[in-house]
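Notes for the one structure printed next.
Remember, predicted model here, so these are calculated numbers, not experimental data. Below, chain A is the first sequence line, B the second, and so on; all start at residue 1.
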There are 2 protein chains.
Amino acid sequence: MANPRNPAAPEGDKVDTRLLESLLGYNARRTSLLAIDVFLQHMGEFGLRPVDFSVASLILHNPGITSRQLCDVLGLLPPNLVGLLKDLEQRGLIVRRPHPLDGRALGLYATDEGQTLVRAAEKKVTSLEAQIASRLSADERKTLIRLLKKVYL
Amino acid sequence: MANPRNPAAPEGDKVDTRLLESLLGYNARRTSLLAIDVFLQHMGEFGLRPVDFSVASLILHNPGITSRQLCDVLGLLPPNLVGLLKDLEQRGLIVRRPHPLDGRALGLYATDEGQTLVRAAEKKVTSLEAQIASRLSADERKTLIRLLKKVYL
DNA sequence: TATTGTTATACTCTATAACTATA
DNA sequence: TATAGTTATAGAGTATAACAATA
């Protein structure tokens, strides 16, 4: 509905956003924020934020991975990973074992409980894709992901 | 190069990220972070963070727009916009004028100086698109933006 | 000397509650 | 009663510097 009180200030849905919407970064960010919203709305039962999920999933699929590698892959800084891993460990979802060949490093492994939880979380996340991409056909979704990877990878 | 010291922990480029890379949110976020990096690397001369740029550009193209509308369009919270607008005003890039028909609201307008700066910033940002999307054809870039908008809009 | 992981800390971003002036 | 804008503040996220242990 139009706003008869305020001809000088355009309605929310009548704001000219064409320049911003012509930019890749703006559109990628808006999509990212939508996906995070959906994640937060539906993943509460697992007690994992998006970053926790990413880390836990990488540990599950890469047994023995180190903090350093997680930081490289996810673009995190080592100090910010310490507390995150400590929490996952205290919840009994992962264990840290001294690396057999590098005394400085610690290999990260999902416990049985961690494997069960993360697999369930992955299943749920995958099901949320349908919701996030509900306005896209299967082909469009595949194309979108392919093009995004082409940009940043 | 492979890491001969550490067979249990995969190299950075050999980490299995297939699950994460199958997710729209993960790929959108990675692309968004890349775009922000490029922005920060090249837009320093304008003294505008990404959010400042978005706000200033919307004011330029929507003279008389209110804080409330900016919040709606950009998904910001009113308290977080106050300081931002104060800074733009103190730099002489925008002015706030009492709204003629709503005593509560303030219309936002770009000054001449603001118009000049924001137009230059927009030109620069547009040129950075070529860099961000350098691995995409013109058609692919158009498709990517179209599909992103289809998801979040 | 360089790297892994850690601590402490600072900075930025985002969110909540409460207030004022006006509608 | 509801809304626009503001203040103060809390919480979450991200960043830098410095250290111990090991390579």
In whole angstroms, the gap separating P of D:dA4 from CG of B:Leu108 amounts to 13 Å

**Asked** Do A:Tyr152 and B:Asn27 have side-chain heavy atoms sitting under 4.5 Å apart?
**Response** yes

Note: contacts of residues 76-85 of chain A with DNA chain D (heavy atom, under 4.0 Å) are A:Leu77, A:Pro79, A:Asn80

Between B:Arg30 and B:Glu21, is the salt bridge (Lys or Arg N to Asp or Glu O under 4.0 Å) condition met? List the steps. CA-CA 10 Å; B:Arg30 296 307 299 250; B:Glu21 287 178 14; over 6 Å; no

On DNA chain C, more 5' by nearest nucleotide between B:Val51 and A:Arg68 is A:Arg68

Does A:Arg96 place a side-chain N or O at less than 4.0 Å from the phosphate oxygens OP1/OP2 of C:dT4?
-> no

Review point. Think A:Arg49 has a side-chain N or O under 4.0 angstrom from the OP1 or OP2 of D:dG13?
Key: yes

Rounded to whole Å, CG of B:Asp37 lies from P of D:dT14 at a distance of 12 Å

Separation of D:dA15 atom C1' from B:Leu33 atom CG, nearest Å, is 15 Å

Among D:dT7, C:dC13, D:dT6, the one nearest any side-chain atom of B:Ser67 is D:dT6

Looking at D:dT7, I'd like to know if its phosphate oxygens (OP1 or OP2) sit under 4.0 Å from a side-chain N or O belonging to B:Lys86. yes

Hey, are the side chains of A:Leu77 and A:Asn80 touching, using non-hydrogen atoms and a 4.5 Å cut-off? yes

B:Ile94 CD1 to D:dG5 P, in whole Å, measures 12 Å

task: Record whether the side chain of A:Arg104 comes under 3.5 Å of the base of C:dT3 through a donor-acceptor pair of N or O atoms.
output: yes

Do the non-hydrogen side-chain atoms of A:Ser67 and A:Leu85 ever get within less than 4.5 Å of each other?
yes

